[in-house]
Each structure stands twice: as structure tokens, then as C-alpha cells.
There are 2 protein chains.
Amino acid sequence: MSERRKTAPTRARERAARGAKVDTRERLVRAGLAVLERGEPFSLGEIAREAGVSRQALYLHFESRAALAVAVAQFVDESFGLEEALAPSRAATDARALLRAHARFVAKYNERIQTVVRMADALRQTDAEMAVPWKDRLANRRAGGHIIAQKLSAWGELADEWTVESAGDWVCALSSVKLWEELVLDLGWSRERFARSLERQLAAGLLRPKEPLASGPATNR
Amino acid sequence: MSERRKTAPTRARERAARGAKVDTRERLVRAGLAVLERGEPFSLGEIAREAGVSRQALYLHFESRAALAVAVAQFVDESFGLEEALAPSRAATDARALLRAHARFVAKYNERIQTVVRMADALRQTDAEMAVPWKDRLANRRAGGHIIAQKLSAWGELADEWTVESAGDWVCALSSVKLWEELVLDLGWSRERFARSLERQLAAGLLRPKEPLASGPATNR
DNA sequence: GGGGTGGTTGACATAGTGTAAAGTTACCGA
DNA sequence: TCGGTAACTTTACACTATGTCAACCACCCC
């Protein structure tokens with residue numbers, strides 16, 4: 001059902017791909033982000049107005065508020081250059097460098113997506129439709145944490161009390177927007193201070209303590 | 001202005017103090033908590049119905065949704081026995097015991113207030129009236145973190161890179177409901193695992209490393 | 001010229017918050 | 001015993017938001 005509502009954005013994207021006039025869908029997404037970034041309560045009508053389009057046009061492109069929210073989140077990821085921003089972490093060849101790169105990434109990325117996540121999290125309480133994309137994003141973040149834990153483990157740097165699983169979850173949790181939000185937004189920390197503290201905490205908490213090269217600590221698990 | 005709306009709950013409280021029949025205000029607060037704990041979207045009408053009272057009666061006791069939310073939060077604090085639950089932390093006489101007590105407290109307390117905080121945080125996005133009580137609670141939590149950092153510092157256990165200020169903020173942030181929520185609710189950690197990890201991580205991140213082996217890590221700031 | 005596409009306006013159903021007003025009950029004090 | 005009043009009820013209303021529907025318009029392409 002609802003065939004018309006589905007074909008509309010598809011066609012819009014096709015037109016855009018062929019270089020057609022203006023992509024209203026993208027205008028709506030950008031407007032959504034702009035309105036969101038004002039940080040105040042808003043309505044769909046406001047977003048439509050900001051996009052210079054009627055409120056109804058919004059429903060030609062998005063089935064619901066949640067669908068728009070998802071699109072905005074995706075847009076932010078893309079315009080941020082997520083893949084590129086992750087490059088330093090991927091390129092790291094030792095534990096300290098990896099954690100440092102990750103902390104820097106988290107500080108930058110969370111700042112960028114903060115408003116979107118904030119809204120999505122609030123929406124999640126009242127809008128069941130939001131639950132699925134939210135879980136998806138969490139799964140992604142979790143996977144990111146696990147990759148880091150996996151590397152630390154492979155390098156023999158993960159402290160004994162951690163499994164790769166649980167260390168990955170811990171990295172994921174410490175990388176969450178909510179932690180960033182509380183420290184930077186609510187408590188007034190600078191971006192640098194946040195990144196430095198996160199890096200330190202991750203290193204102190206995850207890494208095997210440096211042993212004085214006495215006996216063989218490599219075999220105790 | 002709005003004199004009548006203000007006297008109503010006052011009188012109700014007076015009646016309750018004199019041992020009068022039923023305190024509708026408290027019934028509403030309890031109902032609010034019960035509805036909240038179902039974890040689903042809800043309306044004020046639902047809460048009133050749950051309390052066995054008309055929706056309008058709610059406005060005789062609370063000026064707005066936000067006011068009710070604040071009352072529910074207060075009620076949860078009281079019924080949880082916040083003061084009592086903090087006793088172990090206050091009684092701690094060394095750093096490890098303090099962090100352990102705090103981690104246990106956080107695990108228990110956050111579990112209890114989770115639903116309320118969740119809602120309040122969501123409300124905060126759309127309801128400016130919520131901002132003030134939210135900031136108050138944050139200030140309280142922050143103060144709690146600072147007390148801990150202060151003690152660690154007084155005992156000479158706080159690692160060099162921290163100031164009391166920033167360490168306190170860090171404790172506050174790591175003690176936030178959001179971290180608990182992500183690990184326990186979203187990632188499925190057990191309460192014990194959370195408490196243990198938080199304790200360990202606080203210790204690893206905040207405490208001065210024990211062995212002053214070689215030069216290395218003491219000067220890396 | 002005709003058809004489809006993407007947009008418009010306007011109306012509508014539904015649901016929630018908050019305000020207002022009038023009626024009911026029950027207690028309390030002179 | 002009577003009157004007043006606090007607490008609550010019912011009913012109605014204003015306002016805002018989401019989402020649906022229908023009719024109409026304009027453009028582009030065949």
C-alpha cells in the first residue's frame with residue numbers, strides 16, 4: 001500500500017541523478033537539519049517553511065516524522081565524511097595511537113551529530129517507529145567498539161579483566177553522544193579536554209598495565 | 001496570578017498532614033510513576049485515569065506536565081532512600097572503597113530513576129519549563145562527583161593529570177543515567193557487570209598509578 | 001494536445017495540552 | 001442546622017501538531 005508516497009521520492013532521486021532542477025527532498029533534509037540545529041522545539045510545518053515548500057510536500061517525500069529524522073541522520077553522516085574521519089583510526093598501528101585517533105574522532109563526530117541524536121532520542125520515547133533505526137545505529141557503534149577491542153586484543157594490549165566483547169561495549173558506551181553531551185554541553189568542557197580525557201580513560205582502563213619486564217605476564221589467561 | 005491553582009495543592013498537603021482521607025496529589029504522583037514505568041508513550045489523561053481521578057483534577061495539583069514530572073522525580077528520590085543509599089560512600093575511608101561504594105550506588109540508583117530521567121530528558125527537548133529542574137539535578141550530581149574527587153585528592157590518590165574540578169566532572173559524567181542505560185538496557189549488561197566495570201574504570205582513570213616504576217608515565221602531560 | 005510528476009491549497013480527522021465554567025459532595029465551623 | 005468552601009466532577013473550548021484526502025495547477029516530454 002501507499003504506492004504513491006513511495007514512488008515520489010524515488011522519482012525525485014532519479015531526477016536529481018539526471019541533474020534535474022532542484023531536489024526538494026534534499027532541500028527538506030537540509031532544512032530539517034537547519035531547524036534542528038536551532039535547538040528549539042519545532043514542528044514539521046516549520047521545516048517545510050524553512051525549505052520553502054508546503055507542509056504537504058513533506059509527506060510526498062517522507063512517510064512520517066521518523067522517516068525524515070532518519071534521512072537527516074544519514075545526510076549528516078554523509079556530509080560529515082564519516083568514512084574519511086574514520087581513516088586515522090583504521091590506520092593506527094599501535095594501541096595508544098588507535099585510542100588517540102578514536103578519541104579525536106568521537107569528539108568531532110559527536111559534536112556534529114549531537115542535535116540529530118538528541119532529537120532522535122527524544123522522539124524514541126513517543127514514536128515507536130524510531131526504535132528500529134535507533135537500534136541500527138547502536139549496532140553500528142557497537143561494532144566500531146568491538147573492532148577497537150579486537151585490535152587491542154590482537155596486539156596483546158587488552159588488560160586481562162576484559163573480554164573483547166565487553167571491552168568493545170565499554171568503548172561503545174564511552175563513545176556515546178550522551179557522554180559527550182553531558183561534558184561538553186552541560187558541563188562546559190572544551191572539545192580538546194574531552195578528547196584528551198577520553199583518550200586517557202580508554203588507555204588507562206583498557207590497556208594492560210606496562211609491566212616491568214620481569215617474568216612472563218603474557219600467559220595468564 | 002493563578003492563585004487558585006496554587007492554593008489547591010497546598011491545602012491538600014495540609015489535609016494530608018492532618019491525616020485526612022486520601023491524598024490525591026500523592027495518588028497522582030504514584031500513578032505517574034506507574035505509567036512511566038510501563039515505558040510506553042503516555043498522556044496526562046492516562047495518568048489521571050490510573051489515579052482514578054479526572055484529568056482536570058491533575059491541573060488542580062500540578063501546573064503542567066513538567067511540574068508533575070518534577071514531583072515524580074522527587075518522589076522516586078524519597079522512596080528510594082537517597083540519603084541512606086549514599087551512606088556507604090560517605091563512610092568510605094580509602095580510595096578503592098569509595099569508588100566501589102560509589103559504583104554500587106550508581107548502579108542501584110540509576111536503575112531506579114531510569115524511567116523518570118528518560119522521560120524528563122525527552123521532555124526537555126520540547127518543554128522549556130523542564131530545563132530548570134534538569135539543571136538543578138545536574139548540579140547535584142556534579143557536586144557529588146566533586147566530593148569524590150575532593151576526597152581522592154585529599155588522600156593523595158588523584159592522578160596528577162586531574163584537577164579536582166575536572167575529575168569531579170568526569171565522575172559525574174561516568175555516573176550518568178545515560179551510560180547506565182546504554183550498557184544495561186541497550187547492550188544487555190548485568191547490574192553486577194556494570195558496577196564492577198564502573199568501579200574498575202574509575203579507579204584506572206582517576207587514581208595515581210601505584211608503582212612508581214621507572215620514569216615514564218608520571219611525566220606524560 | 002495529453003499524461004504523468006511533483007507540487008499547490010484547503011479541508012478534515014484525531015489526539016494532546018491547557019483553560020474555563022458550572023455543578024456536586026462533603027466537611028467544618030459559627 | 002445552616003452556610004461556606006475546598007476538592008473534585010463534567011463539559012466545553014482554544015490551540016497546536018500529525019497525518020490523510022481531494023481537487024487543482026504547471027511543467028516537461030512524448
Side-chain angles (χ1 to χ4, degrees), chain A residues 1-28 31-32 35 40-69 119 122-123 125-130, chain B residues 1-28 31-32 35 40-69 119 122-123 125-130:
Chain A
M1 58 158 153
S2 78
E3 182 130 7
R4 211 168 30 204
R5 235 169 300 125
K6 247 183 148 177
T7 59
T10 304
R11 296 306 165 116
R13 239 173 291 134
E14 281 168 8
R15 281 188 66 204
R18 279 185 285 127
K21 291 202 162 184
V22 244
D23 189 343
T24 305
R25 187 190 147 96
E26 186 175 327
R27 280 235 306 279
L28 280 166
V35 167
E40 291 156 17
F42 64 92
S43 69
L44 293 186
E46 237 172 300
I47 293 176
R49 204 176 334 120
E50 173 89 16
V53 114
S54 74
R55 189 172 71 87
Q56 273 47 33
L58 207 151
Y59 287 97
L60 294 177
H61 294 276
F62 305 98
E63 291 197 350
S64 64
R65 214 159 87 232
L68 174 59
M119 176 212 51
L123 230 57
Q125 309 300 313
T126 57
D127 193 335
E129 206 180 333
M130 203 66 220
Chain B
M1 59 158 154
S2 79
E3 181 129 11
R4 211 167 29 202
R5 234 171 301 126
K6 246 182 146 178
T7 59
T10 304
R11 295 309 164 112
R13 238 172 292 134
E14 281 168 7
R15 280 189 64 205
R18 280 186 283 125
K21 289 204 163 183
V22 242
D23 189 341
T24 305
R25 188 189 145 95
E26 186 176 326
R27 279 235 307 280
L28 281 166
V35 167
E40 290 156 17
F42 62 92
S43 70
L44 293 186
E46 236 172 299
I47 293 176
R49 203 174 338 119
E50 173 88 17
V53 114
S54 74
R55 190 172 69 90
Q56 303 334 314
L58 206 152
Y59 287 96
L60 294 177
H61 294 276
F62 304 98
E63 291 197 349
S64 64
R65 214 158 87 232
L68 174 58
M119 176 212 51
L123 231 57
Q125 308 301 313
T126 57
D127 193 334
E129 207 181 333
M130 204 64 222

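Naming: A, B, ... by sequence-line order, numbering from 1 per chain.
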Nearest non-hydrogen partners of L28(A) and A48(A), listed with the distance: CD2-CA, 4.2 Å
Protein-nucleotide distance (E129(A), atom CD; dG19(D), atom C1'), rounded to Å: 11 Å
Send over the distance from L28(A) CG to dG6(C) C1', rounded to a whole Å. 12 Å
Out of dT17(C), dT9(D), dG10(C), whichever nucleotide has its closest atom nearest the side chain of S54(B): dT9(D)
Quick check for you: among dG19(D), dG18(C), dC8(D), whose closest atom lies nearest to any side-chain atom of Y59(A)? dG19(D)
Please report, rounded to the nearest Å, how far the P atom of dA15(C) is from the CG atom of D127(A). 16 Å
Nearest-neighbour nucleotide for the S64(B) side chain, dT9(C), dG18(C), dA20(C) considered: dG18(C)
Find out whether S64(A) and E129(A) are in side-chain contact, i.e. whether some heavy atom of one side chain is under 4.5 Å from a heavy atom of the other. yes
Can you tell me how far C1' of dA7(D) sits from CZ of F62(B), to the nearest Å? 14 Å
Interatomic distance where CZ belongs to R65(B) and C1' belongs to dT19(C) [whole Å]: 16 Å
For R27(B) and G52(B), work out which heavy atoms get closest and say how close. NH2-O, 3.9 Å
Whole angstrom value for the distance that separates C1' of dT16(D) from CD of E46(A): 12 Å
Minimum heavy-atom separation for V35(B) to E46(B), with atom names? CG2-O, 4.3 Å
Is there, by distance only and without an angle test, a donor paired with an acceptor across the side chain of R55(B) and the base of dG16(C) below 3.5 Å? no
Could you tell me whether the side chain of Q56(A) has a donor or acceptor atom within less than 3.5 Å of a complementary atom in the base of dT20(D)? yes
Provide, to the nearest angstrom, the distance between the CD atom belonging to E26(B) and the C1' atom belonging to dA7(D). 17 Å
In whole angstroms, how far is the P atom of dA15(C) from the CD atom of E40(B)? 17 Å
Are Y59(A) and E63(A) packed together at the side-chain level, in the sense that at least one heavy-atom pair is separated by less than 4.5 angstrom? no
Any idea which of dT19(C), dA17(D), dT9(D) is nearest the L60(B) side chain? dT9(D)
Looking only at side-chain N and O atoms, does H61(B) come under 4.0 Å of OP1 or OP2 in dA7(D)? no
Closest to the side chain of A57(A), out of dT8(C), dG18(C), dT18(D), is dT8(C)
Compare the minimum distances between each of dT9(D), dT8(C), dT17(C) and the side chain of S43(B), then state the nucleotide with the smallest one. dT17(C)
